[in-house]
Peer 1: 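Attaching a single structure in structure tokens format; questions to follow.
FYI, side chains are in, hydrogens and waters are out, and symmetry mates aren't considered; it's all heavy atoms of this structure.
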Amino acid sequence: MNLHIIVCIKSVLLRVPKGRTIRTAESCELNPFDRPTLEAALWLRGRYGGSVTVLSMGPESGTSALYEAIALGADRSILICDPALAGSDTLATSTVLGAAIKTLKPFDLVFFGTRTSDSDTGHVGPQTAVQLGVPLASQVLSMALGESGLIAERKMDGVLEKVQVSLPAVITVHQTSYPPGDPPLSGIQTAFEEGTIEKWGLKELSLSPESAGEPGSPTRLLSMTPISRERKCRILTGSSEGRADKLLKILMDSGGIS
Amino acid sequence: MDTFLQEKHHVLQRTVRAFCHREIIPIAGNIDKEARFPWEVQEKMARLGYFGIQVPAELGGAGMDTVSYITVIEEISRACAGLGLCVSVHNSVAVFPIMAFGSEAQKKKWIPSLARGEKIGAFCLTEPNAGSDASAIESTAIRDGDEYIINANKVFVTNGAIADTCLMFVRTDPDAGRRGISVVVVERGTKGFTVGEAEDLSGMRSNPVSSIRLQDCRVPVENLLGGEGRGLVIGLSALDTGRIGIAAQASGIALAALEETVKYAKQRRQFGVPIAKHQAIQMMIADMATQIDAARLLIYRAAVQKDRGNSFTQAAAMAKLYASEMSSRVTDMAVQVHGGYGYSKSYPVERYYRDARVTRIYEGTSEVHRMVIARGVLAE
């Protein structure tokens, strides 16, 4: 079976921004939670054959994450980049990704990381599944093709759940599932020498500017305030046993243990 | 450093840095203490192509440019200078001369296994009586039919105890002075090839720097590199390339020292505030950062000149001279900021201080570099 797997990735900021955010190749990286996702797709391609397309929405600086994906072995790489996308919330992002994925038909699987290191909503994968009208399996640990779809193992609180989803389907891949490899130097060199990144805008997706960017986003970011964690040092005195008891009480009173 | 680095170099830097964080930094302190070469890391680096950075793809390498090469060396050295040294020497003074001066047959014979890191290369020039004065080499290769009979005593060979493919600087004509020196490739395992004990060095302790002795070693004449009498030309050309690598190594050590120093200065409190609030500490941190950047600019300039195919001897010599001396100053300041703790093995700056020192000595001492630079300036 020749699988067409689309992996949606994000270029994230390496550090918490101070003031206005300027994204450059130096300040961004491939979202660490997307690395196992890409690895899972490459593993499935290796096992069942097919191709892996990586898809990312974001500013021009997102190309370095896509090149990294090519260096790791992705077959095709697309950046959706349009000034009209600025200010997109997770719903608008899912609308745009959904439209892009539909133009990449036929596809069998669409992979997402469970979250991103710079915004951490976890919305985009599940919302895109809704956009596409296909089943979703989230937090997936391992996968194999079954007779009538994909069999996925999901880790829940103390339980390992095995589910089957018909294809095409959206999968969010758990970060501990497929340990990512490093791109070889030759992969990086070839990606930049021979790899191409297709650039799409709203026009290519036949989307109106109202459906994306700020006009298409019901959510507004009102403010961002850094949280500083106050640490207090308390010295416990008395015998070892007495101090252990005091520590136990403090931890229980604070809800740290029960 | 965006002036010199393209998107490719940023991606490369990030991926090498991630590798080093995961695989090298956690063991760097221990392999220094134990003076152990980490084969388990070497194998991983080999699979990723770190041993054939600039070798063309058709010979098993990654086919990258010199800016990429120094990016890799700087990052590895930032984690562990001894491993950075292994990779730098292998790529620049072992692989490069074979690529530049070897015949097609020689390249096919040696390069693929070196580029894949299945074999490790070494550059065997220094002898008990020949170092800065390379023309004083006493080792000999006497022609006997289709073979050379080599007798050599090489000391301070970087990668010595782990090297498979050794570029041996020997005298093929005892009466021809500087023009009597040649390079013959000798493989480990050849009868008469013995490796001495690893040196108990002050720094770079993860690299098994050793002596290599050849006693009546018979090597086919086709192992001669670039023709008889070309030894010093090959050596100097290799060292031009090597110097850029050593400079990048020195800047990697300094970057690590600055990183540790900034971390420490923000956390260590004296007189009621983190010491980073004290001007005396800020002055040192400013000097460290500025000098590191100055060195890196020189290094990138040399690398870019090489990539453009321009002459880079002078630029490489300046980069190596300045970066190695900078690295000694910066690691010294790092120890100073750390105070007593900096002089203890509990903090990595103590290792950086030891590692930095030798960059002023090997692949040409600072003094030899000043000689080379002055010669260039005065000839203009």
Peer 1: Test of understanding: with salt bridge (Lys or Arg N to Asp or Glu O under 4.0 Å), list the residues that count as partners of Glu198(A), not counting sequence neighbours.
Peer 2: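 Partners of Glu198(A) under the salt bridge (Lys or Arg N to Asp or Glu O under 4.0 Å) test: Arg76(A).
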Peer 1: Quick check on the interface: out of Leu185(A), Ile188(A), Thr63(A), who has the most heavy-atom pairs with chain B under 4.5 Å?
Peer 2: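 When all of Leu185(A), Ile188(A), Thr63(A) are compared, Leu185(A) has the most.
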Peer 1: Below 4.5 Å from any heavy atom of chain B, which atoms of Thr190(A) appear? Answer side chain, backbone, both or neither.
Peer 2: neither
Peer 1: If every non-hydrogen atom of Ala94(B) is compared with every non-hydrogen atom of Ala122(B), which pair is closest and at what distance?
Peer 2: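 Closest approach of Ala94(B) to Ala122(B), heavy atoms only: CB-N, 3.8 Å.
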Peer 1: If every non-hydrogen atom of Ala71(A) is compared with every non-hydrogen atom of Pro184(A), which pair is closest and at what distance?
Peer 2: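 Looks like O-CD, 4.0 Å.
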Peer 1: Give a yes or no on whether Lys119(B) atom NZ has more than 12 heavy-atom contacts from other residues, nucleotides or ligands under 6.0 Å away.
Peer 2: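 Open: at most 12 neighbouring heavy atoms sit under 6.0 Å from NZ of Lys119(B).
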Peer 1: CG/Leu83(B) to CZ/Arg78(B) distance, rounded to the nearest 0.5 angstrom?
Peer 2: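 The CG atom of Leu83(B) sits 16.0 Å away from the CZ atom of Arg78(B).
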Peer 1: Could you tell me which residues in residues 63-76 of chain B have at least one non-hydrogen atom under 4.5 Å from a non-hydrogen atom of chain A, sorted by residue number?
Peer 2: Gly63(B), Met64(B), Val72(B)
Peer 1: Does His9(B) use its side chain to pair, donor to acceptor, with the backbone of Gln6(B) at less than 3.5 Å?
Peer 2: yes
Peer 1: Main chain of Gly121(B), side chain of His90(B): is a donor-acceptor contact present, judged purely on distance under 3.5 Å?
Peer 2: yes
